Amino acid sequence: MSAEVDVATAGGAAPPERPDIVCEDLVRVFSTEGVEVQALQGLNLHVAAGDLVAVVGASGSGKSTLLTILSGLDRPTAGSAVVAGVDLLTMTNAQRTAYQRDVVGFVWQQTGRNLLPYLTAAENVALPLVVARRTRGTRARAARVAELLELMGVAEVHDRLPREMSGGQQQRVAIAAAVANSPRVLLADEPTGELDEETSAAVFEAIRHVNREVGVTTLIVTHDPAVAEHVRRTVQIRDGRTSTEVLRRSTVDEHGREHLVAEEFAVLDKVGRLQLPHGFVEALDLRDRVRLGLEEDHVSVWPDREEGR
Ligand SMILES: Nc1ncnc2c1ncn2[C@@H]1O[C@H](COP(=O)(O)OP(=O)(O)OP(=O)(O)O)[C@@H](O)[C@H]1O
């Protein structure tokens with residue numbers, strides 16, 4: 001795997017259609033007992049319709065805060081967040097209910113938070129359809145439920161209660177329930193966090209499958225490097241901002257062998273700020289101040305040290 005670093009304007013060239021997720025200068029400040037915590041400090045993120053993006057970052061970097069805002073459960077302090085054309089800062093409570101019912105689906109880390117324990121898999125998947133009153137008729141609903149369980153590879157648990165399923169099966173049923181109403185966006189917060197390696201891989205494959213088959217725009221927060229390595233785009237959050245992105249594409253060499261090439265990009269915001277990757281800062285012991293040079297087609301960064309000092 002080769003890795004090179006480049007600087008890309010956030011979002012790159014103008015997308016053909018409006019991205020499904022657009023966060024600009026997103027700020028979330030929590031105040032507890034007079035102490036302010038800036039969980040998000042001007043975060044910028046665009047996710048194109050149909051894309052599958054992993055969000056990674058150290059504990060406390062703001063990943064869950066971002067997801068909670070995007071799911072409509074929390075409001076940002078400032079900035080803008082627009083999902084599938086819905087402005088999350090200005091929406092009313094009624095719009096919020098419709099947003100959570102029709103526009104976004106979510107899967108949480110805790111398997112117990114995703115499914116009602118006293119309903120079977122089929123009843124859990126049918127519930128959003130009943131609430132939204134979209135799929136009319138018992139037979140049409142049953143067919144949709146069966147189709148979704150089949151799509152997620154868990155048709156065999158149709159009549160089982162969550163406690164009668166494995167953790168991986170529960171998460172796959174949860175994905176089926178999350179996409180039952182054909183939301184534009186699927187949000188998943190550490191959906192494989194409570195699972196072993198093999199089960200995680202199966203659940204992640206189910207997410208990829210649903211993203212491909214249904215075309216739902218998918219944002220997945222994860223600590224799991226194995227997950228992050230299998231998506232085309234990984235966004236790194238540092239200190240409440242998007243700092244770097246890794247884009248992966250496959251290339252075929254002269255012998256016809258397929259290779260995955262990963263390129264790391266620093267994210268440049270609207271006012272020209274970027275965060276240098278940790279590895280670069282450490283390798284050159286960059287501190288406090290750096291020298292910049294504008295070349296014909298790139299910008300150079302040097303440590304602020306006199307030669308031989
Ligand atoms: N409700 C809250 N009240 C006060 N501070 C909060 C609240 N929620 C989050 N924070 C703080 O905001 C910062 C970002 O938290 P967040 O949970 O978004 O991070 P995270 O990247 O998801 O971390 P983890 O990977 O550990 O879940 C942390 O410093 C956290 O303590």
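First listed ligand is number 1; within each ligand, the first listed atom is number 1. Since the structure is predicted, the reported quantities are computational estimates derived from the model, not experimental observations.
- Each of V214, T217, L52, V107 was checked for a side chain to side chain contact (heavy atoms under 4.5 Å, CB included) with L186, and the lone residue meeting it is V107.
- Contact analysis leaves G57 out of contact with ligand 1, as no non-hydrogen atom separation drops below 4.0 angstrom.
- Only the side chain of V37 comes within 4.0 Å of ligand 1, judged by heavy-atom distances.
- Within a 6.0 Å sphere centred on CD of E150, heavy atoms belonging to other residues, nucleotides or ligands number 12 at most.
- Of the protein's non-hydrogen atoms, the one nearest atom 12 (O) of ligand 1 is A39 CB, 3.3 Å.
- At the shortest separation from atom 9 (C) of ligand 1 among protein heavy atoms lies F30 CE1, 3.5 Å.
- Side chains of H209 and L151 form a contact here, defined as non-hydrogen atoms less than 4.5 Å apart.
- Within the listing of ligand 1, atoms 14 (C), 15 (O), 16 (P), 18 (O) sit less than 4.0 angstrom from a heavy atom of T65.
- A 4.5 Å side-chain heavy-atom check between V55 and L219 finds at least one atom pair inside the cut-off.
- A salt bridge links E205 with R212: at least one charged nitrogen is closer than 4.0 Å to a carboxylate oxygen.
- Closest to atom 26 (O) of ligand 1, if we only count protein heavy atoms, is S59 OG, 2.5 Å.
- Ligand 1 lies less than 4.0 angstrom from a heavy atom belonging to A58.
- In terms of protein heavy-atom proximity, atom 25 (O) of ligand 1 is closest to K63 NZ, 2.8 Å.
- The side chain of H223, and not its backbone, has at least one atom closer than 4.0 Å to an atom of ligand 1 (non-hydrogen atoms only; side chain from C-beta on).
- Scanning all protein heavy atoms for the shortest distance to atom 20 (P) of ligand 1 gives G60 N, 3.5 Å.
- Residues P162 and N124 form a side-chain contact, since some pair of their non-hydrogen atoms from C-beta on lies under 4.5 Å apart.
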Subject >> Verdict with reasoning, D20 to V83, per side chain to side chain contact (heavy atoms under 4.5 Å, CB included) >> reply: CA-CA 5 Å; D20 265 352; V83 177; 5.8 Å; no
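- No side-chain N or O of T218 forms a donor-acceptor pair with one of R208 less than 3.5 Å apart.
- There is no protein heavy atom closer than 4.0 angstrom to atom 31 (O) of ligand 1.
- At the top of the distance list for atom 27 (O) of ligand 1, counting protein heavy atoms only, stands S64 OG, 3.7 Å.
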